[in-house]
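Structure, as structure tokens:
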Amino acid sequence: MRDQRVLHIEDSTSQIERSKWVLDSPNPPPLWKKLFSSLKETLLPHGNKLCFSSKNKSFLALAYSFLQSLFPILVWLKDYTISKFKDDLLAGLTLASLCIPQSIGYASLAKVDPQYGLYTSIVPPLIYAVMGSSRDIAIGPVAVVSMLLSSLVTNVIDPVANPHAYRDFIFTVTFFTGIFQAAFGIFRLGFLVDFLSHAALVGFMAGAAIIIGLQQLKGLLGITHFTTKTDAVSVLVSVYKSLHQQITSEEKWSPLNFVLGCSFLIFLLVTRFIARKKKKLFWLPAIAPLLSVILSTLIVYLSKADKQGINIIKHVKGGLNQSSVHQLQFHGQNVGQAAKIGLVCAVIALTEAMAVGRSFASIKGYQLDGNREMLSMGIMNIAGSLTSCYVATGSFSRTAVNFSAGCQTAVSNIVMAITVILFLQLFARLLYYTPMAILAAIILSALPGLIDINEARYIWKVDKLDFLACIGAFVGVLFASVEIGLLVAISISFAKILIQSIRPGVEILGRVPRTEAFCDVTQYPMAISTPGIVVIRISSGSLCFANANFVKERQALNK
């Protein structure tokens with residue numbers, strides 16, 4: 001009896017304590033604590049295990065742990081071997097042979113001088129190699145972001161009338177891009193990038209690839225006057241008018257640009273076809289663009305074809321990246337436009353890089369830290385904007401080459417960057433006679449990888465609303481503008497989320513005979529319903545006030 005009384009008193013005491021906690025609950029943590037916790041989780045993924053006490057670890061050990069979390073290179077560098085370096089050296093050199101001509105071509109696509117594309121293949125890859133968590137991703141300029149910059153920035157500043165202001169504005173947009181990307185990582189806002197769904201990205205990439213291809217007609221045909229608009233109709237009309245004007249007027253037009261460009265385009269596509277058939281020849285399409293640049297430059301130089309109408313690059317400034325700190329524009333009426341364009345570029349660049357990085361990480365069986373990737377991408381673009389670079393991100397074509405070449409770590413990016421530095425120091429002047437048609441051919445040869453018809457078919461089979469977002473993005477980019485395409489894609493994706501939240505799918509479940517499994521009775525007609533009980537499954541992620549009445553109505557109809 002005495003023991004029972006003691007237990008009763010203890011139960012009463014615990015009930016009183018619980019009631020106090022319920023009635024007088026502690027205040028939630030303030031906002032600054034939540035932000036600090038978010039920052040701590042991003043910079044210190046194992047922060048909860050760290051204790052800033054001398055009993056556990058010294059200050060130096062804690063500082064080293066912090067540096068390891070901020071710079072993953074310190075973690076895997078301890079186990080780095082000579083055999084891994086040999087693989088990374090081969091991969092980096094193979095990567096550089098593809099990166100150099102592509103960077104020059106993408107710089108022309110972004111409407112900046114060729115050296116800025118090469119600069120973008122130096123500083124951002126070096127920063128990412130130290131801070132990034134992907135072993136395979138290749139960093140540098142990409143076609144879609146280059147086209148995005150040229151289409152958006154030309155609405156603010158004319159690159160022909162004021163090229164220096166245009167270049168400075170590009171650097172400012174790159175700075176804001178890095179700020180937004182770093183903020184996404186620090187404050188764990190990666191879910192904002194997810195509003196651009198995979199289906200919308202497939203459509204956007206396909207539409208952008210076609211627009212990029214149409215814009216290369218300028219270099220392929222040797223056209224001097226070209227539109228700044230990006231929709232397909234305006235580009236085709238501009239091509240027709242420019243050709244007609246040059247052919248009928250006294251201004252000389254040479255078909256040699258088209259012949260030379262198409263010849264090397266066929267060569268590039270044939271090398272890709274051979275590499276697909278024989279996997280051991282993966283290096284062939286990687287070095288083909290550089291071979292094309294070398295051969296075409298020699299042909300033009302030896303034959304003096306530039307005097308017969310072949311358009312050439314002319315001056316390419318060599319040397320290392322110059323500081324662009326004083327060229328950033330934080331005053332004036334266009335700062336808001338720079339921030340807006342930077343946000344758009346940040347989302348697109350992150351979406352492409354995360355898709356590329358996760359694809360190859362899943363093949364090799366390791367995980368990417370999404371918030372850390374955003375932080376590293378942001379810091380590399382901030383550093384790039386201060387060193388004459390424009391927006392850099394992960395390239396799918398170069399990452400595939402890096403993977404096929406057998407890269408082991410991010411050292412391949414370091415090898416690539418050092419090779420580009422040597423090229424700028426020693427061989428930049430030799431690009432004077434490189435024809436513009438070759439750059440157009442190199443860009444055109446990389447575009448088929450951006451159009452994924454099989455994935456679009458799969459999206460159609462799986463989810464019609466996702467396919468609608470895919471087609472919306474494709475049509476918007478192709479026939480309106482990049483901004484319209486993005487807006488349509490995000491709007492359809494967001495509308496899908498709202499529809500699925502407000503009117504979720506409600507399935508009536510029944511027990512499959514001779515099992516304990518409950519399945520949808522429409523999919524499994526043999527499933528047996530329990531008399532007097534309606535078992536339902538809601539496809540929405542959560543049951544809330546927005547869909548509660550809808551679920552009640554569906555439940556009442558099925559009683």
Does this structure show an ion pair linking Lys317 with Asp113, if we count only N-O contacts that are shorter than 4.0 Å? no
Test side chain to side chain contact (heavy atoms under 4.5 Å, CB included), reference Leu90, set Thr94, Asp87, Leu93, output is Thr94
Do you know which of Ile348, Ile341, Thr174 makes side chain to side chain contact (heavy atoms under 4.5 Å, CB included) with Val391? Thr174
Using every non-hydrogen atom in the two residues, find where [X] and [Y] come nearest and quote the distance to one decimal.
| X | Y | answer |
| --- | --- | --- |
| Lys111 | Pro159 | CD-CG, 3.6 Å |
| Met131 | Ile379 | CE-CD1, 3.3 Å |
| Ala209 | Leu447 | O-CD1, 3.3 Å |
| Glu352 | Val142 | OE1-CG2, 3.9 Å |
| Ala383 | Thr387 | O-OG1, 2.9 Å |
| Ser97 | Ala286 | OG-O, 3.3 Å |

Evaluate the ring planes of Phe264 and Phe267, with Trp represented by its six-membered ring, and classify them as parallel (under 30°), tilted (30 to 60°) or perpendicular (over 60°). perpendicular
Which class fits the ring pair Phe403 and Phe360: parallel under 30°, tilted 30 to 60°, perpendicular over 60°? tilted
What I want to check is whether the side chains of [X] and [Y] have a donor and an acceptor closer together than 3.5 Å.
| X | Y | answer |
| --- | --- | --- |
| Asp88 | Tyr80 | yes |
| Tyr116 | Ser103 | no |
| Ser481 | Thr230 | no |
| Asp136 | Tyr366 | yes |
| Glu373 | Ser133 | yes |

Check for a donor-acceptor pair, side chain of [X] on one end and backbone N or O of [Y] on the other, with a separation under 3.5 Å.
| X | Y | answer |
| --- | --- | --- |
| Asn311 | Asn257 | no |
| Asn413 | Ile137 | yes |
| Ser412 | Gln408 | no |
| Lys464 | Trp460 | yes |
| Ser404 | Val401 | no |
| Thr120 | Ala392 | no |
| Ser146 | Ala110 | no |
| Thr271 | Pro285 | no |
| Asn381 | Met377 | yes |
| Tyr128 | Ser134 | yes |

In Å and rounded to the nearest 0.5 Å, what is the [atom1] to [atom2] distance from [X] to [Y]?
| X | Y | atom1 | atom2 | answer |
| --- | --- | --- | --- | --- |
| Leu431 | Ile100 | CG | CD1 | 9.0 Å |
| Asn321 | Leu386 | CG | CG | 11.5 Å |
| Ile414 | Thr409 | CD1 | OG1 | 7.5 Å |

Would you sort out whether Asp79 and Lys84 count as a salt bridge (Lys or Arg N to Asp or Glu O under 4.0 Å), showing the intermediate values? CA-CA 10 Å; Asp79 302 323; Lys84 287 184 178 180; over 6 Å; no
Test the Lys78-Trp76 pair against the cation-pi criterion, namely NZ or CZ under 6.0 angstrom from the six-membered ring centroid and within 45° of the ring axis. no
